[in-house]
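The structure appears right after this line, and notes come after that.
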Amino acid sequence: MPEVRTYPPKEAEKGSSGAVIAEVCEGSPADDAGIYAGCVVRSVNGEPVADVLDWQWKSAEECLDLIIEEPCGDITSLTLEREADEPWGMAFRDTLFDAVRMCKNTCTFCFMKQLPKGLRRSLYLRDDDYRLSFLQGTFVTLTNLEHADVARIVEQRITPLRVSLHAVDAHVREQLIGRNAAQGLANLEELLEQGIEFDAQIVLVPGVNDGVVLEETIRWAYEHTGIRTLGIVPLGYTDHQRNFTGSFDRLSARDVLDAIAPYQERACVERDYAWVYASDEFYLLAYGDDVLDHLPDAAFYGAFEMFEDGIGIVRSCVDEFAFAQADGAMEAASAALEKAGVHGFFVCGEGMRPYFGNLIASSPLNGLVEPLFIKNRFFGGNVDVTGLLAGEDIVRALKEAARTWRDRSEHASVLFLLFDVMFNADGITIDGMSLEDIMQETGERLLVLPSNPLDYTKQLSLIDKEL
């Protein structure tokens, strides 16, 4: 999954350099006042600004008194005026003008604590910043909020936010999150009382917050109508930790689906949508190769608001795969692959195994491409998503697949199809390899595709231009 801007630990600890202006629109009030890129807004109407949300709130009037620091260090006091609804004409370098709020919890299941050593620094950053929750959709615990933060959220109506709930039982919360767990729940309740809305998430740990604890948590959340949705995801763990050796299996995953079903049925009647959702992993674990017979339909997921939490991704993939067949895009892709004379391999994580091979086998792509499911040895544990495949695992699997294919086929032309979720915004994998690095290591032809079946089949239909 492409990353949003990252905040290296050094920057997070020391704070950024303020509201740095990245661009000024020509002819705007800011331009007319002599403001230019590189200047820093130090205050608005006598008050500092902490982030872009603060700026939007404090700059809502038609007249502003600004303190500006120029790149040379000179300090200037300016008054800006504008017409109603006219933009000020300034874009900032960052969304946060001060330090990112760091996590102070000791969550037993924290994935970032389970990372191997030697990765890029930004991956170890454990932020817990309500502003990023609003701006970028990250989940926060609310354990680090001060009274001023709560007051600001209410005053500026910073809503909806995303909250990591996990459990409402006091003992279990402290066991999962640490000694600040109670403060997080107290802040959540206060914000809910003040009309702030939330999308909540539960990371479910077997034997800890499932069973009756899960029932209590769901019931509590449902009674608080400001919690718009509740997503439940299973514990994810790597081999680089000692707390966990296993997670949910077929029976326990079905228990989770059975536990939430009554609330889904009730919510559909009372709220016109399911409200509580289990992530796709629970369906994959519970039903395996038969998952497509048990997966909820698209209407169940509404507008797929919790897509980035792994809720509805499989259904979306299945439906879009069908759309690609219906509109002829897959036929065109198949014809192009056959004309190009290549055999394709879709490079995937093991998590796609229960359904993706069946989709391809029943499509016009059958015989022309096949899935290459790669075990994640880099992380180990139960990590099996495509987006967390490491370059070193990809290289090893591609070499073996190419060798095996050429041993059993006279058709030696191979093309490996990698999904874009394997690379971040800078085009590198979780372990820092670029597409060029992988090509050099394997000596094979590679093509990066979008993850949407409609998009990647259309790109494959133009394969002659890619090769």
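Just so you know, residue 1 is the first one in the sequence shown, and it goes up from there. Note that these values count all heavy atoms, side chains included, but never hydrogens, waters or copies made by symmetry.
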Using every non-hydrogen atom in the two residues, find where [X] and [Y] come nearest and quote the distance to one decimal.
| X | Y | answer |
| --- | --- | --- |
| L145 | Y130 | CD2-CD2, 3.5 Å |
| T442 | L398 | CG2-CB, 4.0 Å |
| T238 | H240 | OG1-N, 2.9 Å |
| V24 | A37 | CG2-N, 4.1 Å |
| A253 | L285 | CB-CB, 3.8 Å |
| A221 | L165 | CB-CD2, 4.2 Å |

Charged N to carboxylate O below 4.0 Å: is that the case for [X] and [Y]?
| X | Y | answer |
| --- | --- | --- |
| E215 | R219 | yes |
| D258 | R254 | no |
| D128 | R101 | no |
| R152 | D149 | no |

Any side-chain heavy-atom pair from [X] and [Y] closer than 4.5 angstrom?
| X | Y | result |
| --- | --- | --- |
| Q264 | F300 | yes |
| I232 | I218 | yes |
| S164 | I177 | no |
| R126 | K113 | yes |
| Y237 | N243 | no |
| E47 | N45 | no |
| V347 | L446 | no |

Is the backbone of [Y] close enough, under 3.5 Å, to the side chain of [X] for a donor and an acceptor to pair up by distance?
| X | Y | result |
| --- | --- | --- |
| N180 | T143 | no |
| D280 | V314 | yes |
| H166 | V172 | no |
| W88 | S59 | yes |
| S363 | I360 | yes |
| D51 | D54 | yes |
| R250 | A286 | yes |
| R173 | A167 | yes |
| Q459 | V448 | yes |
| Q194 | I196 | no |

[atom1]/[X]: more than 12 non-hydrogen atoms of other groups inside 6.0 Å:
| X | atom1 | value |
| --- | --- | --- |
| R271 | CZ | yes |
| E146 | CD | no |
| E270 | CD | yes |
| R377 | CZ | no |
| K104 | NZ | yes |

Side chain to side chain donor-acceptor pair (under 3.5 Å) assessment of S451 paired with D420:
CA-CA 6 Å; S451 300; D420 56 6; 2.9 Å; yes

Using the benzene-type ring in the case of Trp, are the ring centres of Y301 and F307 under 6.0 Å apart?
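Distance test on ring centres: not under 6.0 Å, no.
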
Ring-ring centroid check F244 F109, cutoff 6.0 Å
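No; F109 has its ring centre 6.0 Å or more from that of F244.
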
If I take atom [atom1] from residue [X] and atom [atom2] from residue [Y], how far apart are they, to the nearest 0.5 angstrom?
| X | Y | atom1 | atom2 | answer |
| --- | --- | --- | --- | --- |
| I313 | F304 | CD1 | CZ | 10.0 Å |
| F378 | T429 | CZ | OG1 | 8.0 Å |
| L161 | S133 | CG | OG | 4.5 Å |
| D199 | D309 | CG | CG | 8.5 Å |
| L185 | Q183 | CG | CD | 10.0 Å |
| L115 | F379 | CG | CZ | 5.5 Å |

Side-chain donor-acceptor pair under 3.5 Å between [X] and [Y], yes or no?
| X | Y | result |
| --- | --- | --- |
| Y273 | E305 | no |
| Y283 | R315 | no |
| D255 | S252 | no |
| T138 | Q136 | no |
| N105 | T141 | yes |

Angle class for the [X]/[Y] ring planes (parallel below 30°, perpendicular above 60°, tilted otherwise)?
| X | Y | result |
| --- | --- | --- |
| F356 | F321 | perpendicular |
| F419 | Y456 | tilted |
| F282 | F248 | perpendicular |

Taking it one step at a time, do I35 and L66 satisfy side-chain contact (heavy atoms from CB on, under 4.5 Å)?
CA-CA 10 Å; I35 299 173; L66 301 182; 4.1 Å; yes

Is there a side-chain contact (heavy atoms from CB on, under 4.5 Å) between F134 and I153 once you walk through the steps?
CA-CA 10 Å; F134 180 77; I153 292 170; over 6 Å; no

Could you go through the salt bridge (Lys or Arg N to Asp or Glu O under 4.0 Å) check for D426 and R120 one step at a time?
CA-CA 12 Å; D426 296 321; R120 55 186 181 274; over 6 Å; no

So among D384, N376, T386, which one has a side chain to side chain contact (heavy atoms under 4.5 Å, CB included) with E350?
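Result: among D384, N376, T386, D384 is the only option passing the side chain to side chain contact (heavy atoms under 4.5 Å, CB included) with E350.
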
In this structure, which one of V233, D210, L230, V276 forms a side chain to side chain contact (heavy atoms under 4.5 Å, CB included) with I202?
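Going through the options one by one, the only one that passes is L230.
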
Apply the test side-chain contact (heavy atoms from CB on, under 4.5 Å) to residues T217 and N209: give CA-CA distance (whole Å), side-chain angles for both, the deciding distance (0.1 Å), then the verdict.
CA-CA 9 Å; T217 306; N209 61 338; 6.0 Å; no

Candidate pair K458 and D455, rule salt bridge (Lys or Arg N to Asp or Glu O under 4.0 Å), full reasoning:
CA-CA 5 Å; K458 289 177 181 177; D455 293 334; 5.6 Å; no

Output, in order, the C-alpha distance, side-chain angles, deciding distance and verdict of side-chain contact (heavy atoms from CB on, under 4.5 Å) for L460 and L417.
CA-CA 10 Å; L460 287 176; L417 307 169; 3.9 Å; yes

